[in-house]
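Here the structure is a predicted model, which means the values were calculated and not measured.
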Amino acid sequence: MAHHESSGVLERLGLKPEASEQEIENYQDDAPYQAFGLHRQSWGGPPLLNFVLKTGQQRGLPYSQIVDSSLEPGDVIRLEFYGKRVTIRGRRLGEAYAKLLSFRVVYFAEADHATARLVQENEPVITEIRIEDNAPGLLSAEPG
């Protein structure tokens, strides 16, 4: 019986998962743009969540320090860490949020303006990642 180098039955049958479902262990500068990368397993996946800004700067924050998360209308993901608040804006981010909840997201990558315009309407794109300081261990309070 021949040994297959492929990682799954779908590949052996000539069927590939959607681009957003492909496993990406880390962000690569020279790879085609993808809004987020996924780890192959949930729970026990990556210890850090990497945020790749359009400037090229990368920032890793520990999954273990996420104290609150939300997906808001208008495709906005908000993450509260101990000491940091992250806001991710874009398009079609529901799948990314669902995968985040099972610790499968490896990175979020912000697209520059030119790249964001080239991403097809049915594909996810991140147009802004904002990382701000907040009070350590406290959730941000919305006025109201």
Side-chain angles (χ1 to χ4, degrees), residues 4-13 15-144:
H4 292 282
E5 293 292 325
S6 67
S7 62
V9 174
L10 290 176
E11 284 186 37
R12 286 193 296 260
L13 295 174
L15 303 170
K16 292 193 176 205
E18 294 295 321
S20 60
E21 275 294 317
Q22 292 180 8
E23 297 163 0
I24 300 171
E25 294 298 323
N26 53 42
Y27 178 78
Q28 297 176 352
D29 282 329
D30 57 351
Y33 175 77
Q34 285 192 271
F36 58 94
L38 298 177
H39 193 269
R40 71 174 51 93
Q41 60 183 338
S42 60
W43 201 266
L48 293 177
L49 184 54
N50 191 23
F51 298 94
V52 182
L53 305 181
K54 60 186 164 192
T55 61
Q57 178 185 5
Q58 297 187 36
R59 182 84 181 266
L61 295 172
Y63 260 111
S64 63
Q65 291 188 7
I66 296 175
V67 294
D68 191 35
S69 68
S70 64
L71 174 64
E72 299 174 3
D75 279 321
V76 176
I77 296 174
R78 294 196 196 277
L79 302 171
E80 296 281 344
F81 292 81
Y82 286 106
K84 299 290 178 204
R85 174 183 307 118
V86 178
T87 304
I88 303 165
R89 296 179 191 280
R91 180 177 72 231
R92 301 185 58 82
L93 299 179
E95 177 188 4
Y97 184 73
K99 301 296 185 183
L100 176 74
L101 295 178
S102 63
F103 302 95
R104 290 193 58 208
V105 176
V106 177
Y107 69 82
F108 285 105
E110 181 181 37
D112 60 27
H113 296 296
T115 301
R117 284 193 303 268
L118 293 174
V119 174
Q120 295 180 1
E121 287 294 319
N122 62 342
E123 292 295 322
V125 65
I126 294 171
T127 55
E128 178 185 17
I129 295 176
R130 184 180 317 149
I131 302 172
E132 304 169 287
D133 290 330
N134 66 7
L138 299 177
L139 301 179
S140 63
E142 294 289 326

Measure up the F81 and F51 rings against each other and bin them: parallel (under 30°), tilted (30 to 60°), perpendicular (over 60°).
->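 Correct class here is perpendicular.
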So, the side chain of R59 versus the backbone of I131: is there a donor-acceptor pair under 3.5 Å, distance only?
->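 Side chain of R59 to backbone of I131, a donor-acceptor pair under 3.5 Å: no, none is there.
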Keeping the roles fixed (side chain from Y33, backbone from V125), state whether a donor-acceptor pair exists under 3.5 Å.
->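 No: the side chain of Y33 does not pair with the backbone of V125.
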Minimum heavy-atom distance [X]-[Y], with the two atoms named:
| X | Y | value |
| --- | --- | --- |
| P124 | A35 | O-CB, 3.7 Å |
| L49 | V105 | CD1-O, 3.5 Å |
| S69 | L101 | OG-CD2, 3.8 Å |

Spacing of [atom1] belonging to [X] relative to [atom2] belonging to [Y], to within rounding of 0.5 Å:
| X | Y | atom1 | atom2 | value |
| --- | --- | --- | --- | --- |
| D75 | R91 | CG | CZ | 9.0 Å |
| L53 | D112 | CG | CG | 12.0 Å |
| E123 | R92 | CD | CZ | 7.5 Å |
| I66 | K84 | CD1 | NZ | 14.5 Å |
| K99 | R104 | NZ | CZ | 4.5 Å |

Quick one: which of E110, E72, E128 gives a side-chain hydrogen bond (donor to acceptor under 3.5 Å, both in side chains) with R89?
->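 Passing option: E128.
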Is H113 close to K54 at the side-chain level, that is, under 4.5 Å between some pair of heavy atoms?
->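 They are in contact (side-chain heavy atoms under 4.5 Å apart), so the answer is yes.
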Heavy-atom check, side chain of Y82 versus side chain of L61, under 4.5 Å |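 Contact flag for Y82/L61 side chains = no.
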Given side-chain contact (heavy atoms from CB on, under 4.5 Å), test Y63 with L100 step by step and report yes or no.
-> CA-CA 9 Å; Y63 260 111; L100 176 74; 3.7 Å; yes
Step by step, work out the side-chain contact (heavy atoms from CB on, under 4.5 Å) result for V86 and F108.
-> CA-CA 11 Å; V86 178; F108 285 105; over 6 Å; no
Q120, CD atom: more than 12 neighbouring heavy atoms under 6.0 Å =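 Counting neighbours around CD of Q120, 12 or fewer heavy atoms of other residues, nucleotides or ligands fall under 6.0 Å, so no.
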